[in-house]
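In what follows, a single structure is set out as structure tokens and then discussed.
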Amino acid sequence: MVYMNRELAEANMSGLVLCLNSRARAHLLVALVLSLAASAFAADRPIVGAIRWDAWTGGEVTEQVQRTLAPEKYHFRLPWFAEVLAPDRVRIDGSPQSVMDREIDFAADAGLDYWAFLIYPQSNSMSAALEQYLKSDKKARIKFCVILHGTLSAPTEKWPAERDRLLTLMRKPTYQRVLGDRPLVYMFHDGFLKSEKAGRLKELRDAAGRENLKLYLVYMGWNPKHDYALAAPAGFDAVSAYAYASSGRFDTYDQLAKATEAAYWSEAERAQVPLIPLVTSGWDKRPRIDNPVAWEKDHGYHKESRWISPPQPHEIAEHLKRGLQFVDAHPQVCPARAIIVYAWNEYDEGGWIAPTLGADGKPNLERLEALREILRPK
């Protein structure tokens, strides 16, 4: 993939180059070509986002994930801002504004373009991180969008306020847009389109239209052809996925990544349905087997003994690189030129690219550094 405008580079720098001797001129030209190639790549490549599931800022959900990650064998998954209090006791507090400010820097420095926040009612503790992002002086460094989820199931009397809140978010200057000026909106809510509340989605889309917001709706499901047949009549523009569960079928991350590519990318290509490709960073729910959480009652595959080995950072980067190449090679299937990564911070479910707490007590940036080599090449 080459994303460099040679004529622009030559026009901008010709005056400076002519002032130098031949050897200095040659060295400068090499440096300029490399620099411009990197910046042009970042400007022209598909946009890459990561899912945020923000269970780390306080409240009942945080208390539960503290238990799932408390055993010493899971400490390597702890968020970078966690504290180890004892071999089987940890404290996780992502509530300070400084945590979000630093996460923005981590993500932007790695070349990530946007975060996709799972959206919950405004009063829910799971909405705290989004509020932190919106308050941050650094938010312009990375854009955001929403994944419609819990907010669609708000009580009837609260839905109008939640709908208006969503529209307010979509008007924000840092809201991620695709295909010109269309707000990118994901929806992950299994069975929602068949429920009695499905009309809320149409209501949201119609309200957005009255404000000249033409949403780009993406349904996160499990099978591209089937999902698009279900979602397109409801006004969806494309399909994607939240994650790909190994369900005991794979032993290695490479197997999981290749299966993700086959199940979603290749299937969408065969069916010729519009897709935002999923890039996975893993899957291993054993912390929730050892310490069950309230929102997962019965998943039989949790009893499977086979779980994928943790991926090496370069393996995630190679999977992402293949995703970028897929988008470039299939413009009709990927018109939005976007990718979604599972996930920024699904630490106890087994998918993360965000920093973890290193053995030295400092943030472990290995995964982000590997992605930076792909997203912001030197």
Side-chain angles (χ1 to χ4, degrees), residues 1-3 41 44-51 113-114 116 145-148 176-194 198 201-202 204-205 208-209 213-247 249-250 254-281 283 316 318-343 374-375:
M1 295 177 287
V2 178
Y3 302 94
F41 179 95
D44 295 345
R45 65 161 169 76
I47 59 171
V48 177
I51 295 165
D113 298 292
Y114 71 98
C145 70
V146 300
I147 303 175
L148 300 178
Q176 180 65 61
R177 287 167 167 76
V178 297
L179 293 173
D181 198 37
R182 300 186 63 179
L184 176 61
V185 181
Y186 293 94
M187 192 193 81
F188 175 58
H189 197 304
D190 194 25
F192 181 81
L193 291 178
K194 299 178 181 179
L201 188 65
K202 183 178 185 303
L204 174 64
R205 191 175 69 251
L213 295 171
K214 187 180 181 182
L215 308 184
Y216 191 82
L217 288 170
V218 184
Y219 182 74
M220 290 177 146
W222 315 104
N223 179 290
K225 183 177 180 179
H226 171 270
D227 294 337
Y228 192 66
L230 176 69
F236 283 85
D237 299 281
V239 295
S240 187
Y242 187 91
Y244 188 54
S246 63
S247 304
R249 296 193 298 272
F250 312 117
D254 185 63
Q255 291 173 333
L256 177 66
K258 296 291 179 57
T260 301
E261 295 169 25
Y264 294 121
W265 310 359
S266 298
E267 284 301 311
E269 180 189 0
R270 273 192 285 271
Q272 286 296 291
V273 300
L275 175 77
I276 291 185
L278 168 72
V279 167
T280 183
S281 62
W283 181 265
I316 303 175
E318 289 166 1
H319 179 33
L320 173 59
K321 184 177 181 180
R322 293 194 296 271
L324 294 170
Q325 292 171 337
F326 181 87
V327 172
D328 276 333
H330 300 88
Q332 292 186 332
V333 175
C334 304
R337 289 186 57 75
I339 283 175
I340 187 72
V341 176
Y342 168 83
I374 301 300
L375 298 176

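Only heavy atoms go into these numbers, but all of them, side chains included; no hydrogens, no water, no symmetry mates.
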Nearest-0.5 Å distance, OH of residue Y244 to CZ of residue F250: 4.5 Å

When rounded to the nearest 0.5 angstrom, what is the spacing between CG in L179 and OH in Y216? 5.5 Å

Looking at R337 and D44, would you say the former's side chain and the latter's main chain have a donor-acceptor pair under 3.5 Å? yes

Between K258 and E261, is there a side-chain N and carboxylate O pair less than 4.0 Å apart? no

How long is the span from the CD atom in Q325 to the CG atom in L320, to the nearest 0.5 Å? 10.0 Å

Classify the ring geometry between H319 and W265 as parallel (under 30°), tilted (30 to 60°) or perpendicular (over 60°). parallel

Taking the side chain as everything from C-beta on, heavy atoms only, tell me whether V273 gets closer than 4.5 Å to D227. no

Let me know which of V218, L217, L148 forms a side-chain contact (heavy atoms from CB on, under 4.5 Å) with M187. L148

To the closest 0.5 Å, what do you measure between CD1 (I340) and OH (Y186)? 4.0 Å

Do F236 and L201 pass the side-chain contact (heavy atoms from CB on, under 4.5 Å) test, and can you show the C-alpha distance, the side-chain angles, and the key distance before you say yes or no? CA-CA 10 Å; F236 283 85; L201 188 65; 3.2 Å; yes

Separation of L184 CG from I147 CD1 (nearest 0.5 Å): 9.5 Å

Nearest heavy-atom neighbours spanning A241 and G221: CB-O, 3.7 Å

To the nearest 0.5 angstrom, please state how far the OH atom of Y342 sits from the OG1 atom of T280. 7.0 Å

Can you check whether L213 reaches R177 side chain to side chain, under 4.5 Å on heavy atoms? yes

Compare all side-chain heavy atoms of V327 with those of P277 and state whether any distance is below 4.5 angstrom. yes

N/O donor-acceptor pair under 3.5 Å between E267 side chain and Y264 backbone: no

Lys/Arg N to Asp/Glu carboxylate O, R45 vs D113, below 4.0 Å: yes

Pair I316, V341 - check side-chain contact (heavy atoms from CB on, under 4.5 Å), show working. CA-CA 10 Å; I316 303 175; V341 176; 5.8 Å; no

Is there a side-chain contact between R182 and L215 (heavy atoms, below 4.5 Å)? no

Whether the side chain of S240 engages the backbone of M220 through a donor-acceptor N/O pair (distance < 3.5 Å, no angle test) should be reported. no

Describe, in one word, how the ring planes of F188 and W222 are oriented to each other, choosing from parallel (under 30°), tilted (30 to 60°) and perpendicular (over 60°). perpendicular

Please report the closest heavy-atom contact between A229 and P233, naming both atoms and the distance. O-CD, 3.2 Å

Looking at every heavy atom in both L278 and Y242, which two are closest together, and how far apart are they? CD1-O, 3.6 Å

